[in-house]
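See below for the structure under consideration.
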Amino acid sequence: MSVIEVKVPDIGDFDAVEIIEVLVSEGEEVSENQDIITLESDKAAMEIPSTVAGKISSLKVAVGDKVAEGDVILTVEVEEAATEDANTAAPAEEPKTEKAAPTPAKASEGDADMHAEVLVLGSGPGGYTAAFRAADLGKSVVMVERHERIGGVCLNVGCIPSKALLHTAQIINETAEMGHHGVKFSKPEIDLRELAGWKDSVVNQLTGGLKGLAKQRKVSIVKGEGSFTSPNTLKVEGSDGDKTISFDNCIIAAGSRVTKIPVFPHDDPRMMDSTDALELEDVPKKLLVIGGGIIGMEMATVYDALGSKITVVEMQDSLIPGADKDIVKPLLKRVQDKYENIYLNTKVSKIEPQKDGLLVSLEGKDVPEQETFDKILVAVGRSPNGKLINAEAAGVAVTDQGFIPTNGQMRTNVPHIFAIGDIVGQPMLAHKATHEGKVAAEVIAGQKSVFEPLTIPSVAYTDPEVAWMGLSEDEAKEQGIDYVKGAFPWAASGRSLSLGRDEGLTKALFEKDSGRLIGAGIVGPNAGELIAEAVLALEMGADAEDIGLTIHPHPTLSETLGFAAEMAEGSITDLMPPRKTLHSK
């Protein structure tokens with residue numbers, strides 16, 4: 001008999017990870033690959049398996065202990081032959097359940113520096129999800145990322161840092177509003193450097209966690225700009241030289257970039273895009289936001305709270321195009337009172353850099369011909385990166401706009417090359433990309449999988465938040481659908497009034513004949529959280545009765561969806577029921 005130490009394996013970039021569960025005990029027989037402890041990092045829980053089979057002679061750890069790579073977990077008495085097999089098969093710190101990192105191999109076309117069963121181009125939410133899912137399904141995976149940190153635009157310069165700053169804006173706004181209810185706070189002192197540091201710490205925690213998860217899954221990360229050289233090879237230009245990677249399958253997750261208007265003076269440092277705005281270099285006294293969509297209005301929310309005087313210019317006749325006007329109206333009313341100006345149906349025709357600011361020429365009804373601003377944020381949308389990856393070398397079709405068409409399995413016109421995320425089309429949303437990434441990985445692994453959601457929710461994290469899913473009223477009318485609307489104003493919500501807010505609205509659209517939910521929109525605090533119930537209801541085929549009979553906790557904002565369903569049913573008691581209901585003739 002011999003005694004072998006079982007140690008903590010490579011668990012990524014984590015130090016002092018806490019043990020939350022010990023799954024075995026001294027004297028117990030343990031089999032190879034049997035889970036023995038559970039660790040919990042800031043990202044996820046993970047089970048650590050035994051590398052050998054035998055009888056546990058001693059436990060070296062307990063629940064609550066913190067361990068790192070190489071720490072001894074327990075010792076196991078094994079037969080001599082088993083000892084030799086274990087030593088031959090793998091060192092103790094490399095559990096057999098972990099897939100070995102892909103080894104360099106010859107490409108199918110010419111020489112390559114490394115080979116991947118699955119190559120993922122891009123490491124945003126869609127890219128890293130696809131890479132991790134493919135690795136979990138037994139594939140050797142290489143992920144290519146052009147930025148220093150993985151996570152893509154969303155984690156580094158998009159969704160996550162903007163939401164950190166929007167939380168700051170929410171706190172500032174809420175404390176100011178409490179002054180109307182007898183609780184007064186002094187004006188906040190804002191340290192931009194410290195605020196930016198906190199925002200960056202949130203990003204670092206998430207991207208660091210992803211790096212650790214990639215390491216645990218043996219996903220190789222190659223940094224640099226990737227471009228196709230053939231249907232089975234990709235060249236990566238990095239700071240340490242060029243590399244050629246061959247692949248059996250590829251998932252394109254190359255995302256999108258900020259859309260720039262050519263005639264604007266983008267080389268002037270006073271011109272910002274969304275990435276620049278998140279750097280928080282300063283707070284301009286007068287800020288012009290060009291574009292009244294989600295990104296523009298979110299950043300306007302942040303800079304307004306920080307002290308800027310905001311003007312928004314939008315070419316269309318409503319803010320947040322895509323959402324129904326009645327859902328956007330409470331937001332418009334609120335910001336009209338807070339911001340200097342909201343110019344709808346207006347175009348910026350020229351921007352001229354001046355010593356004292358940026359002189360802007362406007363075209364629209366009842367707007368000034370010219371106005372000067374300290375800084376300008378251009379938020380007019382994003383453009384897909386389909387034309388920046390030399391896709392034609394792989395035979396992948398790309399539209400004139402830069403999108404890559406795919407089918408329900410996320411395949412491009414080249415069967416072994418897939419595409420996901422912003423690059424395949426609207427809506428350009430991270431939560432869409434993650435689900436597409438899983439589908440692509442599962443199809444590559446031979447599973448039956450398809451991307452066919454009934455709806456994809458959209459959220460503007462403004463103040464108030466605006467969220468919607470399914471069909472809008474305009475779309476229902478265009479499609480000739482006979483529907484009934486149930487709308488519940490938050491002025492009748494006790495929970496909303498207790499928050500000091502009465503401008504919210506929850507509305508739901510139901511097909512007249514079947515009563516099934518076909519669309520919903522919510523405006524008010526936490527609308528982005530509340531819309532998820534409506535998404536699930538639509539996916540499950542729920543009707544107004546299902547939603548109305550679902551007992552919601554009271555008093556909550558979530559019950560407003562139940563009330564909206566009751567309005568459509570005509571069974572509402574918190575308000576007078578409308579004339580037109582699902583049961584009226």
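For reference, positions follow the sequence shown, starting with 1.
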Next on the checklist: Distance alone, cut at 3.5 Å: any donor-acceptor contact between the side chains of Ser256 and Asp422?
Outcome noted: yes
Item to check | Worked verdict on Val348 versus Leu362 for side-chain contact (heavy atoms from CB on, under 4.5 Å) | outcome: CA-CA 5 Å; Val348 174; Leu362 301 171; 3.8 Å; yes
Next on the checklist: Assess the residue pair Leu280 and Leu195 against the criterion (side-chain contact (heavy atoms from CB on, under 4.5 Å)); give the C-alpha distance rounded to whole Å, side-chain angles, the decisive distance to 0.1 Å, and a yes or no.
Outcome noted: CA-CA 9 Å; Leu280 290 182; Leu195 178 58; 3.9 Å; yes
Next on the checklist: Using a 3.5 Å distance criterion without hydrogens, assess whether the side chain of Thr346 forms a donor-acceptor pair with backbone atoms of Leu344.
Outcome noted: yes
Checklist entry - Measuring from Ile294:CD1 to Ser458:OG, what's the distance to the nearest 0.5 Å? => result 5.5 Å
Next on the checklist: I need the full list of ring pair (Phe, Tyr, Trp, His ring centres under 6.0 Å) pairs touching residues 485-513, with sequence neighbours left out, sorted by first then second residue.
Outcome noted: Phe488-Phe563
Next on the checklist: Taking atom NZ as the centre, does Lys438 end up with more than 12 heavy-atom neighbours from other residues, nucleotides or ligands that are less than 6.0 angstrom away?
Outcome noted: no
Next on the checklist: For the NE2 atom on His167, are there more than 12 heavy atoms of other groups (residues, nucleotides or ligands in this structure) within a distance under 6.0 Å?
Outcome noted: no
Next on the checklist: Do Asp374 and Leu287 have side chains that approach each other closer than 4.5 Å (heavy atoms only, starting at C-beta)?
Outcome noted: no
Checklist entry - Is the backbone of Gly524 close enough, under 3.5 Å, to the side chain of Arg501 for a donor and an acceptor to pair up by distance? => result no
Checklist entry - Rounded to the nearest 0.5 Å, what separation is found between the CD atom of Glu340 and the CG atom of Leu288? => result 11.0 Å
Next on the checklist: Counting neighbours of CZ on Arg149 that are heavy atoms of other residues, nucleotides or ligands and sit closer than 6.0 Å, is the number greater than 12?
Outcome noted: yes
Next on the checklist: So for atom CD, which belongs to Gln354, do other residues, nucleotides or ligands contribute more than 12 heavy atoms lying within a distance under 6.0 Å?
Outcome noted: yes
Next on the checklist: Under the rule for salt bridge (Lys or Arg N to Asp or Glu O under 4.0 Å), what residues qualify as partners of Glu436, not counting sequence neighbours?
Outcome noted: Lys432
Next on the checklist: With no hydrogens and no angle check, just 3.5 Å: does a side-chain donor-acceptor pair link Thr129 and Thr434?
Outcome noted: no
Checklist entry - Does any donor atom in the side chain of Glu298 or Thr301 lie under 3.5 Å from an acceptor atom in the other side chain? => result no
Checklist outcome for this item: To the nearest 0.5 Å, atom OG of Ser318 lies from atom CG of Leu331 at 9.0 Å
Next on the checklist: Between Ile423 and Ile252, is the side-chain contact (heavy atoms from CB on, under 4.5 Å) condition met? List the steps.
Outcome noted: CA-CA 8 Å; Ile423 210 165; Ile252 302 171; 4.0 Å; yes
Checklist entry - Is it true that a side-chain atom of Lys347 and a backbone atom of Glu314 form a donor plus acceptor pair closer than 3.5 Å? => result no
Checklist entry - Is there a donor-acceptor contact under 3.5 Å from the side chain of Ser123 to the main chain of Gly127? => result no
Checklist entry - If only atom types and distance count, is the side chain of Lys325 paired as donor or acceptor with the main-chain N or O of Leu319 below 3.5 Å? => result no
Next on the checklist: When you compare the side chains of Gln479 and Glu475, does any donor N or O come within less than 3.5 Å of an acceptor on the partner?
Outcome noted: no
Item to check | Exam field: side chain Ser584 to backbone Lys580, donor-acceptor pair closer than 3.5 Å | outcome: no
Item to check | Atom CD of Glu539: over 12 foreign heavy atoms under 6.0 Å | outcome: yes
Next on the checklist: If you count every heavy atom of other residues, nucleotides or ligands that lies below 6.0 Å from Glu529 atom CD, does the total exceed 12?
Outcome noted: no
Next on the checklist: Is it the case that the side chains of Asp463 and Asn173 hold a donor-acceptor pair, with the cut-off being a distance below 3.5 Å and no angle test?
Outcome noted: yes
Checklist entry - What pairs with Lys507 under salt bridge (Lys or Arg N to Asp or Glu O under 4.0 Å), at least two apart in sequence or on another chain? => result Asp324, Asp326, Glu473
Item to check | Donor-acceptor contact present, side-chain Thr259 to main-chain Gly381, <3.5 Å | outcome: yes
Checklist entry - Is the shortest heavy-atom distance from the side chain of Asn385 to the side chain of Leu121 under 4.5 Å? => result no
Checklist entry - Under 6.0 Å from the six-membered ring centre of Phe373 and within 45° of its axis: does the NZ or CZ of Lys286 meet both? => result yes
Next on the checklist: Quick check against the 3.5 Å criterion: does Ser493 have a side-chain atom that pairs as donor or acceptor with the backbone of Ser496?
Outcome noted: yes
Item to check | Sole candidate of Asp282, Asp268, Asp276 that passes salt bridge (Lys or Arg N to Asp or Glu O under 4.0 Å) when paired with Lys375 | outcome: Asp282
Checklist entry - Counting heavy atoms not belonging to His435, are there more than 12 under 6.0 Å from its NE2? => result no
Checklist entry - Does Lys329 NZ have over 12 foreign heavy atoms under 6.0 Å away? => result no
